There are 2 protein chains.
Amino acid sequence: MSQPKEITIYDIARELNISATTVSRGLKGHPTINKNTRKKIAEKAKELGYTPNTFAGSLRSKRTNTIGVIVPRLNSYFMSSALAGMEHVANKNGYNLIISQSLEDSKKEIENAHTMFNRRVDGLIVSLAFNTENIAHLLPFSTRNIPVMFFDRVYNSEQFTGVVIDNFAAGYDVTRHLIKQGCKRIVHLAGNTLRNVYHDRLEGYSQALKDHGVPFDPHLVITSNLSEEAGVETAQQILQMPQLPDGIFSANDNCLVYCMLELKKAGIRIPEDIAVAGFNNDRVCQIIEPNLTSIDYPGYAIGETTATHLINHLLGHTNIHNTNTIVLRTELVVRASSLKRKE
Amino acid sequence: MSQPKEITIYDIARELNISATTVSRGLKGHPTINKNTRKKIAEKAKELGYTPNTFAGSLRSKRTNTIGVIVPRLNSYFMSSALAGMEHVANKNGYNLIISQSLEDSKKEIENAHTMFNRRVDGLIVSLAFNTENIAHLLPFSTRNIPVMFFDRVYNSEQFTGVVIDNFAAGYDVTRHLIKQGCKRIVHLAGNTLRNVYHDRLEGYSQALKDHGVPFDPHLVITSNLSEEAGVETAQQILQMPQLPDGIFSANDNCLVYCMLELKKAGIRIPEDIAVAGFNNDRVCQIIEPNLTSIDYPGYAIGETTATHLINHLLGHTNIHNTNTIVLRTELVVRASSLKRKE
DNA sequence: CCGAAAATTGCAACCGATTGCAATTATTTT
DNA sequence: AAAATAATTGCAATCGGTTGCAATTTTCGG
């Protein structure tokens, strides 16, 4: 099982009777190396089957061309889209992604952050776990001048840049839309309000109610982890309310879909009895019946934007420290699930 | 912008008046180091805020604790589930994942393989692009004794291990099920038959027809890239057939769902006019109406299995070279979309 | 043809940990 | 208490590129 010997720049140098320095520079296309020499080096490298050893280089140069990504979980429609967007941008620019999941657990998020740090990622992209309360684990990155960017689940801090949508406005829009459809008792399925996204959506909801003279009833705000199971449970809770609501605004589609199915099973008509609207514009929106009104939340674009900004910063084209927040445009996509009246 | 100096094992060594060797071993929990010394080292390391530099270590030890993953795209339900499974196993074992997408393009897959090689991944996991015809780009890994494992889209080779399901059997089961429901003209939505998964499903379909005396009609096999758009187009093709089919077996759910929506729009009743069944047991199966019969294709488990085997091999617990293929169990999940007769 | 400027190339230290082997120290055994 | 064995620790080379600065070669004007 002996490993075949690794071909190094020294091998190339020896065969060409030049120094390793020249080979190193030649391979990098360094301008001070003679064109002709460069060609010879390239040829010999190919001939010998040379492959650069990234570690050796990174050790010295302190650049790894690696971006760490920590997400709550990578198998949701939104997340995998965002990751796909990041990977695309990164790959195009010669960067690679090391991806890890916190599984919504702050402790694991901290561990992962350590790993990323040890791996000397050039930059870090994070979407926070459900229960992360502070970002002490990210401070070593700042100390080291390693840029950290949040996306989606951001942390309110002067120190880091985040890519988000205007969750308040989106929550407001959805709620207003439901009110305009005649809803008076609107349930809000909320997530952990520790996270900006859920907090802001709830605020938007409250404000819209207020602005339109609809009383805010805390009993109508159901907080959960917004999972599929939570959707089912929520439906049961709703069905047991002394007075049924006439609208639901959910902070995510996934949960709402399962809630809808359960409500339908119980004979509730949507949107006639209850108008519903979600958040994310998940693929299922166009598949469930009735089609689901939702906020279009461009995962791929968010991923691209985040990665682009981070890489531009790394390349020195821009400085993200000047930017606190990047807000992407969203859009309310109205579909049958919320249309009580013909518009 | 000067970087704060990096803390190394030498700093710890100096402060403790011992050698760097001892520090290195101490941190790794090497048994020959005195327990007491070990404790002192650990304390000092924490005190100074030491973080190991993975590169330096990897350079010397030639182990990176990194697994490369190349997938066609990472934003599909199946893929992101598989990746989630892999990440979970890898993380548990101290490995990290470098993930890249080929975007179904063989050329990009080759580039990505190079990158992975240069990064000296300890092992590689691949699911092939639609149009990859050979695996020359993976041979350097074999030469170097770097284990490569396929999953899902595997390459038929003695050389590498793959984790798959029995696509033939699954295709056979679905088709037989449709036949038993009384279908006589069953359309098959096929993918690129260069890929085992689609090839085998088609074979299973053919064989089932044959075994049950249903004639095979090549016009009923519609090959596409199985995208959402393809689903819509396929529906239009079907609607223009001189004689409508009475069943559809699609090689994936995603495409079929869009096809169904289009057919329903045209007034086709499912399953009465056309019974349909898909493949993957995607989340949408339980959401679309009627609920979709499908083959449960356990993405998360496939990811876990693949990563587990690879890591066990890396740790020397098992040797994947003894294993050619690992076949996971699948199951036909029957739902309303295919039930022409009460069972 | 000479000397200065420009273009190339090389020296040698360095990045930070790992490791085979030898050396030192502690513990037992006789 | 000396000898033998076991437990710890350290030396010094090594992994494979990168980089500041000096050295060498080439080019060219006069």
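Everything numeric here is computed off the predicted structure, so don't read it as measured data. Every chain is numbered from 1, with letters handed out A, B, ... down the list of sequences.
- Here A/Lys62 reaches the OP1 or OP2 of C/dG16: one of its side-chain N or O atoms lies under 4.0 Å away.
- Atoms CZ (B/Arg60) and P (D/dG17) sit 15 Å apart, rounded to a whole Å.
- The aromatic rings of B/His321 and B/His313 sit perpendicular, their planes meeting at an angle over 60°, well past the 30° parallel limit.
- Mapping A/Ser58 and B/Ile18 onto DNA chain D via the closest heavy atom, the residue that lands nearer the 5' end is B/Ile18.
- Taking atom CD1 of residue A/Ile9 and atom C1' of nucleotide D/dC15, one finds them 12 Å apart after rounding to whole Å.
- What separates CZ of A/Arg120 from C1' of D/dG17 is a distance of 18 Å, to the nearest Å.
- Out of D/dT19, D/dT9, D/dG16, the shortest distance to the side chain of B/Thr37 is found at D/dT9.
- Atom pair A/Arg63:CZ and C/dC15:C1' shows a separation of 13 Å (rounding to whole Å applied).
- Below the 3.5 angstrom threshold, one finds a donor paired with an acceptor across the side chain of B/Thr21 and the base of D/dC11.
- Applying the salt bridge (charged side-chain N to carboxylate O under 4.0 Å, His left out) test to pairs two or more places apart or on separate chains, those with a residue in residues 34-48 of chain B are B/Glu15-B/Lys44, B/Lys44-B/Glu47.
- In this structure, CG of B/Asn36 is placed 11 Å from P of D/dT8, rounded to the nearest angstrom.
- A donor-acceptor pair shorter than 3.5 Å cannot be found between the side chains of A/Glu304 and A/His88.
- Atom-to-atom, CD1 of A/Ile33 to P of D/dT25 comes out at 15 Å; the value is rounded to the nearest Å.
- The CG atom of A/Asn53 sits 8 Å away from the C1' atom of D/dC15 (whole-angstrom rounding).
- Between A/Ser19 and B/Lys28, the residue anchored nearer the 5' end of DNA chain C, judged by the nucleotide with its closest heavy atom, is A/Ser19.
- The 12-atom threshold is exceeded at CG of B/Asn34, counting heavy atoms of other residues, nucleotides or ligands nearer than 6.0 Å.
- Atom CG in B/Leu48 sits about 15 Å away from atom C1' in C/dG16, given to the nearest Å.
- Within 3.5 Å, a donor on the side chain of A/Arg25 pairs with an acceptor on the base of D/dG20, or the reverse.
- Here the straight-line distance linking atom OG1 of A/Thr21 with atom CD1 of A/Ile33 works out to 8.5 Å at 0.5 Å rounding.
- B/Thr32 comes within 4.0 angstrom of a base, heavy atoms only.
- When distances are taken from the side chain of A/Ser24 to each of D/dT18, C/dT19, D/dG16, the shortest belongs to D/dT18.
- Residue contacts shown for B/Tyr10 include a base, since a base heavy atom lies under 4.0 Å away.
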